[in-house]
Amino acid sequence: MAERVREILGARPELSERRMFGGIAFMVAGNMCCGVIGEDLMVRLGDDGEAALSEPHTRPMDFTGKPMKTAIYVDQEGTASDADLAKWVEAGADYASSLPPKGAKVGERRWRLAPFSCGG
């Protein structure tokens, strides 16, 4: 699923990824938007997280044992079609894009690089 997420996010500027939560987290301008943990998609939605739990194939993100109100898991059935996966990934990316940019962290893999300049 990670490769499918990369394809959906490919047009986003400042895309990076890093290992988190026992899987891969995708970052937009340093803000986590979604991740792949096993067969599930984790999506960060901010205040919309609780409302998204009414959607089929979703459950609270409870990685630490305490459910988070700003992020959800979407199971494999909820991301089986490309359209369903894109809907969730884009929602997470839109939320991450609405936040102020953060600097790169150690271990992040950058997908977009600044244009090369030889300088004068």
Which heavy atom in [X] sits nearest to a heavy atom in [Y], and how many Å separate them?
X	Y	value
L45	W88	CD1-CZ3, 4.1 Å
V28	A96	CB-CB, 4.1 Å
I24	A2	CD1-CB, 4.2 Å

(request) Starting at CG of D48, measure out to CG of D94 and round the result to the nearest 0.5 Å. (result)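 Separation between the atoms: 10.5 Å.
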Is any side-chain heavy atom of [X] less than 4.5 Å from a side-chain heavy atom of [Y]?
X	Y	result
L9	V89	yes
D62	Y73	yes
C33	R44	no
M1	V36	yes
P60	I72	no
F26	R18	no
F21	M61	yes
M32	M42	yes

State whether the side chain of [X] and the backbone N or O of [Y] hold a donor-acceptor pair below 3.5 Å, judged by distance alone.
X	Y	value
D75	G78	yes
N31	S97	no
T79	L85	no

(request) Give the cluster check for M68 versus L99: same hydrophobic cluster or not, with ILVMFWY residues linked at side-chain heavy-atom distances below 4.5 Å. (result)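 M68 and L99: separate clusters.
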May I ask you to say whether [X] pairs ionically with [Y], meaning some side-chain N is under 4.0 Å from a carboxylate O?
X	Y	answer
E90	R12	yes
K69	D47	no
R4	D82	yes

(message) Is there a salt bridge (Lys or Arg N to Asp or Glu O under 4.0 Å) between K87 and E55? Walk through the geometry before answering.
(response) CA-CA 12 Å; K87 173 185 86 167; E55 296 285 327; 3.6 Å; yes
(message) Let's go through R59 and D40 carefully: what are the C-alpha distance in whole Å and the side-chain angles of both, what is the deciding distance for side-chain contact (heavy atoms from CB on, under 4.5 Å) to 0.1 Å, and is it a yes or a no?
(response) CA-CA 10 Å; R59 68 182 191 281; D40 292 334; 2.7 Å; yes
